[in-house]
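Input: a single structure, listed below in C-alpha cells.
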Amino acid sequence: MTTDLVLPDFDDFGDQTIRGNDSPDEATAATQALLQADRESEQPTIDDPGETHVVLERGICREGTWYRDAEVRELTGADEEAIAAAGASSHKILSTLLLRGVRSIGNEPMTRQLADELLIGDREYLVMEIRRVTFGDILEFEGLPCPHCEELTDLSVPLVAIPFVHLDDPEKTEFSVPLRKGRTALVRLPNGADQAAVLAIRDGNGAKQDTEILNRCVLRIRNADGSEVRRPPAIELTMSDRKTILKTLTDMQPGPRYGNFAYTHETCGQEVPLPINLAILFRGV
Ligand SMILES: [Zn+2]
C-alpha cells in the first residue's frame, strides 16, 4: 500500500465542488489519523465484503425505461496501480475508481460515457459500495484528536452512519427553483460530465465554476408573466438567484453526504465533525 500519493481534498468530492470551498482543512486530522493507524497495523481487519448489487437513486434511462441496478466488485492490486497512475486529480481518481470498480449499470457494462451520465450522487454512492466490497463496512480510526477536549479517541464508523439523501421520485429529472421577483428556474441535477467540466476550470475562480454548472444545469427561466427563457446565460442571472439555484442543486442531489458526518465524543459529550474523504474511504489507496 502506498501512502505518499497526493489525494484530493474533500472539497473536490462531487457536489462539494459545486457548493464551494467551506472547510478544506477539516478532514486533515481524520485523514492523518487514519493513515497513521494504517501504518501501525499492517493487517487491517476486513469484514465480509458482502453484497455486490447496488440499487442507484437515479440510474440511467434507455428508451423511456429507467435502469437502477448496478454491480460493483472488489478492487485488486491492478486497480490500485491504475488508481495511483491516475495522479493527483480527484476527478481522474474518482473516474478510475468507477471504471474499474463498477461492472455494470442496468444491462450495460461500465464505460466512461456511462460514468459521465450518472448523477454525482449515484457516482458517490457507487464509490461507497466499491469501498464496502474492497475494505468492508467499517471505517476504523485510531488516535483521533477531539477538538473540544483534545483526548485521543478510537472510533469505528459503519458506512451506513454517513448521512444519505434519497430522491423522493427517482424518475423526476426537472426541478423548479423559486427565484426573486416571481421568477422560477427549471433545473436538472449535475452528473459526472458536469462535474468534469467544472473541475476542468482550474484557475481558482469559484465564480467561473459556478457559471459553468449553471450554464449546464439551468434549462429554463420562467418569468412572472409566464414567458420562458431557454438556456439563460448564467452570467446574466443575479448573484442572489445564482446562489439560490446552486444551493438547490446541492441540496437535491441524492447520495451520501460524506462531508456531513459527525460523531458525539463520549468523554466530553461534544459533537465532532468528521468529514469523510477518498483517502479515508480507501485507506490512502
Ligand atoms: Zn471530546
Side-chain angles (χ1 to χ4, degrees), residues 1-50 88 90 93-94 97 120-121 123-166 206 246-247 250-285:
M1 181 175 297
T2 54
T3 52
D4 54 351
L5 175 65
V6 179
L7 281 149
D9 292 332
F10 177 75
D11 58 298
D12 282 340
F13 208 148
D15 67 321
Q16 250 50 34
T17 305
I18 293 159
R19 184 187 297 166
N21 192 351
D22 291 335
S23 51
D25 297 328
E26 275 185 350
T28 306
T31 308
Q32 291 310 316
L34 182 115
L35 295 179
Q36 185 62 34
D38 257 11
R39 276 192 287 273
E40 285 166 3
S41 68
E42 284 300 309
Q43 291 187 312
T45 311
I46 297 174
D47 50 341
D48 182 5
S90 62
I93 292 173
L94 257 171
L97 274 169
I120 289 174
R123 291 161 59 90
E124 296 190 351
Y125 181 30
L126 285 166
V127 164
M128 176 184 279
E129 295 307 299
I130 295 165
R131 147 74 206 203
R132 190 192 306 280
V133 297
T134 302
F135 288 119
D137 186 44
I138 309 288
L139 303 173
E140 300 279 6
F141 298 91
E142 289 177 34
L144 200 59
C146 173
H148 301 287
C149 68
E150 296 179 5
E151 189 181 78
L152 300 180
T153 314
D154 295 343
L155 197 67
S156 296
V157 178
L159 292 175
V160 72
I162 295 170
F164 197 103
V165 173
H166 296 282
L246 288 166
K247 181 171 188 308
T250 301
D251 291 348
M252 297 294 294
Q253 185 72 242
R257 292 291 194 262
Y258 293 111
N260 293 353
F261 179 74
Y263 68 95
T264 302
H265 184 211
E266 280 180 24
T267 306
C268 69
Q270 298 284 319
E271 190 177 74
V272 181
L274 180 56
I276 306 300
N277 61 20
L278 280 173
I280 291 173
L281 285 177
F282 289 93
R283 298 172 171 275
V285 192

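Whatever order the structure lists them in is the order used to number ligands and atoms, beginning at 1.
C149 contributes SG and C268 contributes SG; the angle these two atoms make at the Zn ion (ligand 1) is 120°, rounded to 10°.
The shortest heavy-atom contact between V157 and F141 is CG2-CE1, 3.8 Å. Nearest heavy-atom pair across Y258 and E124 is OH-O, 2.6 Å.
Within the coordination shell of the Zn ion (ligand 1), defined by N, O or S atoms under 2.8 Å, C146 is present.
In this structure, F261 and Y263 have parallel ring planes: the angle between them is below the 30° cut-off, well short of the 60° mark.
For H265, the N/O/S atom at the shortest distance from the Zn ion (ligand 1) is named ND1.
Residues S156 and E140 bring a donor and an acceptor atom of their side chains to less than 3.5 Å of each other.
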